[in-house]
Protein chains: 2
Amino acid sequence: MKDLNIKDIAKIAGVGISTVSRVINNHPDVKDKTRERIRKIIEEYNYIPNNSARNLKRTDSKNIGVLVKGIFNPFFAKIIQSIEEKISEEGYSTILHYNDYNSNDIEVAIELVKEKKLRGIICLGGNFTNIDESQLIDLETPIVLSSADIIQDLNKEIFSSIVIENEKAASEAVDYLCKLGHEKIGIIVTGQEDKCIGKLRFQGYKKALEKNGIEYKEEFLEIGKYTFKSSFDAMNKLLDKELNLTAVFVTSDIMAIGAAKAILKRGLKIPDEISIVGFDGIEYAEYFHPSITTIKQPDEDFGKRSVEILFDLIKRKKEHQHIILETQLLKRESCKKLTSK
Amino acid sequence: MKDLNIKDIAKIAGVGISTVSRVINNHPDVKDKTRERIRKIIEEYNYIPNNSARNLKRTDSKNIGVLVKGIFNPFFAKIIQSIEEKISEEGYSTILHYNDYNSNDIEVAIELVKEKKLRGIICLGGNFTNIDESQLIDLETPIVLSSADIIQDLNKEIFSSIVIENEKAASEAVDYLCKLGHEKIGIIVTGQEDKCIGKLRFQGYKKALEKNGIEYKEEFLEIGKYTFKSSFDAMNKLLDKELNLTAVFVTSDIMAIGAAKAILKRGLKIPDEISIVGFDGIEYAEYFHPSITTIKQPDEDFGKRSVEILFDLIKRKKEHQHIILETQLLKRESCKKLTSK
DNA sequence: AACGTTACTGGAAACGTTTCCAATTTGTAT
DNA sequence: ATACAAATTGGAAACGTTTCCAGTAACGTT
């Protein structure tokens with residue numbers, strides 16, 4: 001059974017094609033009675049307009065792309081959910097695309113925009129530190145970089161961004177450990193993949209140490225990837241060095257859990273022997289035992305605001321914006337005040 | 001700057017439109033020299049064919065839909081990854097669509113197929129227990145139900161499926177607990193949302209008890225949703241009943257972690273005082289402390305085989321298939337052998 | 001040189017919409 | 001009744017492809 005098209009519906013209703021089109025798109029210039037009649041017929045015959053044809057004809061495709069770095073990242077799951085919600089509220093639809101860790105994000109984004117005739121694109125995570133300004137200028141479609149790695153001196157007029165203050169937040173986390181009396185504080189950061197964000201959080205760590213008069217030692221640092229396993233291994237290396245660490249700061253919750261497991265598996269107690277602080281604020285960290293103290297990122301705000309900014313751009317209501325969201329230190333069970341020996 | 005189209009490329013190359021089209025689509029009837037020349041021009045001018053136009057013209061759209069129930073389910077993440085990989089290997093592209101828990105899955109699937117002119121669709125999870133056979137017959141597009149809830153007496157000729165033996169696997173898990181000497185074994189199952197699968201796993205639980213001569217008591221049962229929190233609460237209710245449970249079987253790993261947290265938070269020891277077994281085999285269960293014994297589902301196989309079945313159907317090589325995958329009990333730290341008192 | 005065969009190539013219709021523009025109907029004020 | 005404006009409607013072009021069909025070029029065979 002061949003699917004019906006707009007012509008068939010027009011014939012059945014005894015009206016012109018354009019009238020049916022106007023009904024479908026909620027254009028005003030149709031008599032209420034006619035509109036109702038056509039609506040009923042569309043309903044009755046279960047007619048669904050062909051998306052490809054619509055997109056082909058329209059310059060404004062009603063599609064928003066969401067490019068996500070890494071499907072395994074539970075921190076992004078909530079953000080995506082709120083993004084999708086808001087996008088469909090606006091009558092647009094979401095085209096979700098997952099990038100793996102080796103991809104050239106800006107290139108994939110541009111290709112996606114062209115190929116799918118996107119009206120706008122949100123990049124969640126991803127690395128935009130090596131991009132060429134001309135790439136972004138050529139892309140006339142609004143782009144919002146959300147929680148992404150962005151090079152500092154990029155022309156701010158050609159993209160929007162929404163981020164947290166990674167350095168400040170990390171510093172707050174480590175400062176908290178210092179205030180609890182910790183001095184030997186290890187750190188596990190994400191490496192290459194995540195250059196900029198990892199680096200910023202690492203800088204926050206260093207600043208907090210400095211502020212508290214603690215000397216930074218390179219041996220306290222381990223590099224890991226964004227997986228349980230990688231951080232588990234990194235923690236073991238740290239422990240093997242016998243540095244008498246009393247605390248460790250890990251730059252994501254998933255990794256904090258991997259690290260915590262390594263600690264516990266050796267029979268060490270958290271927080272009695274080692275305190276640990278994570279970063280992100282995913283639910284996993286709360287349900288780990290002991291629950292993990294962490295920096296909570298405002299995930300829902302990330303989603304909502306990203307879409308808001310994008311639609312402001314699409315509707316040409318505003319210029320590109322650069323928003324900084326607040327984080328919050330969630331104190332839980334994984335940190336202990338050090339009593340002076 | 002307006003994007004180039006196939007006409008522009010044809011003009012630049014000094015050939016006909018159809019020749020360019022043939023190059024794009026790797027059709028054979030083009031002289032190698034011409035092909036190379038056009039390829040270079042396409043590359044140089046960074047031309048990307050318009051997807052909407054292609055889909056509009058083609059009856060075979062090269063799009064495969066993947067409908068996923070619940071974005072938060074980490075068990076699905078791996079499956080999706082392997083699905084995407086295989087689909088793009090075949091030169092098709094994946095349209096990912098997330099359903100929330102209240103959706104009517106078959107209706108959403110059908111709409112998606114029509115709207116996006118999909119060539120096939122894979123449903124990951126989702127509930128197909130209340131569907132009408134006519135809906136599936138009307139849908140002429142191949143459909144594969146993967147790890148989904150399917151009504152038993154559905155006509156097997158009109159859809160493909162790939163599942164595990166939920167009842168058997170659950171029974172194996174509980175039997176393991178029994179063999180360790182446990183008799184008072186609680187159970188937390190998913191409720192309404194997940195009617196069929198939850199019921200099957202529950203039946204497995206009952207069968208294992210029966211086999212081991214243990215009487216089933218309703219008070220050992222709690223219903224939960226697929227979240228940490230819900231299962232955390234359910235476990236607390238179970239504990240509040242003071243049934244002297246020595247073990248608990250939880251029908252998913254996420255929920256097992258929620259339950260384990262409830263146990264540990266009360267100061268009870270796992271596995272010393274209570275043993276726990278989960279279901280799914282997600283990575284997080286391995287990194288929880290103590291690591292959680294669980295039923296491992298073959299996630300990668302789920303993905304790969306789903307795509308294989310789908311392409312067999314698309315290419316009309318085979319009829320609808322119904323595949324059962326094997327599970328495996330992963331013995332870890334969360335279970336203890338009961339020494340007779 | 002004439003022919004048949006095969007390898008390429010180009011033109012044009014078609015896919016199902018949206019939208020501009022013109023045409024028709026309706027309503028309102030004189 | 002008439003004139004004019006406003007509301008509603010229909011026709012046709014256009015969006016960028018693919019593919020059928022017809023046509024040309026190249027080549028070997030007689």
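So that the names make sense, note that chain A is the first sequence line, chain B the second, and so on, each numbered from 1.
In this structure, K33(A) places its NZ atom 10 Å from P of dT9(D), rounding to the nearest Å. Atom P of nucleotide dT18(C) and atom CG of N55(A) are separated by 10 Å, given to the nearest angstrom. Atom-to-atom, NZ of K57(B) to P of dA14(D) comes out at 19 Å; the value is rounded to the nearest Å. The CZ-C1' distance, from R22(B) to dT19(D), rounds to 9 Å in whole Å. R54(B) has its CZ atom 22 Å from the P atom of dA14(C), to the nearest Å. We find that CZ of R35(A) is positioned 9 Å from P of dT8(D), with the value rounded to whole Å. With rounding to whole Å, R37(A) atom CZ is found 14 Å from dT8(D) atom P. Here the C1' atom of nucleotide dA14(C) and the CD1 atom of I17(B) are 13 Å apart, to the nearest Å.
Comparing dT18(C), dC8(C), dT8(D) by their closest approach to the side chain of D29(A) singles out dT8(D). In this structure, of dT18(D), dT19(C), dT9(C), it is dT19(C) that holds the atom nearest to the side chain of S21(A).
In the helix from dA1(C)-dT30(D) to dT30(C)-dA1(D), the rotation axis of the first five pairs and that of the last five pairs differ in direction by 40°, rounded to 10 degrees.
Remark: K7(B) NZ is loosely packed, at most 12 non-hydrogen atoms of other residues, nucleotides or ligands lying under 6.0 Å away.
Note on H27(A): a side-chain N or O is less than 4.0 Å away from OP1 or OP2 of dT19(C). The side chain of Y47(B) places no N or O atom within less than 4.0 Å of a non-bridging phosphate oxygen (OP1 or OP2) of dG16(D). OP1 or OP2 of dG10(D) lies within a sub-4.0 Å distance of a side-chain N or O belonging to T19(A). Note on T34(B): every side-chain N or O is 4.0 Å or more away from OP1 and OP2 of dC8(C). Contact annotation: N25(B) side-chain N/O to dT18(D) OP1/OP2 distance is under 4.0 Å.
For the pairing with S160(B), the side-chain hydrogen bond (donor to acceptor under 3.5 Å, both in side chains) check across H320(B), R305(B), Q321(B) returns one residue only, H320(B). The residue from I6(B), I38(B), T19(B) that alone fulfils the side-chain contact (heavy atoms from CB on, under 4.5 Å) condition with I24(B) is I6(B).
Within the 6.0 Å centre-distance limit, the rings of Y92(B) and F311(B) are counted as a close aromatic pair.
The main-chain N or O of N5(B) is found under 3.5 Å from a side-chain atom of D8(B) such that the two form a donor-acceptor pair.
Ranked by how close their nearest DNA chain D nucleotide is to the 5' end, A53(B) and S18(B) are led by A53(B). Residue-to-nucleotide proximity on DNA chain C shows that, of K31(A) and I24(A), the 5′-proximal contact is made by I24(A).
Atoms CD1 and CG, on I110(B) and N104(B) in that order, are 8.5 Å from each other to the nearest 0.5 Å.
Within 4.0 Å of S52(A), counting heavy atoms only, lies no atom of the nucleic acid at all. Across all strands shown, N50(B) has heavy atoms under 4.0 Å from sugar-phosphate atoms exclusively, and none from any base.
A salt bridge does not link E89(B) to K86(B): none of the charged side-chain nitrogens sits closer than 4.0 Å to a carboxylate oxygen. Salt bridge annotation for E36(B)-K33(B): absent, with no cationic side-chain nitrogen under 4.0 angstrom from a carboxylate oxygen.
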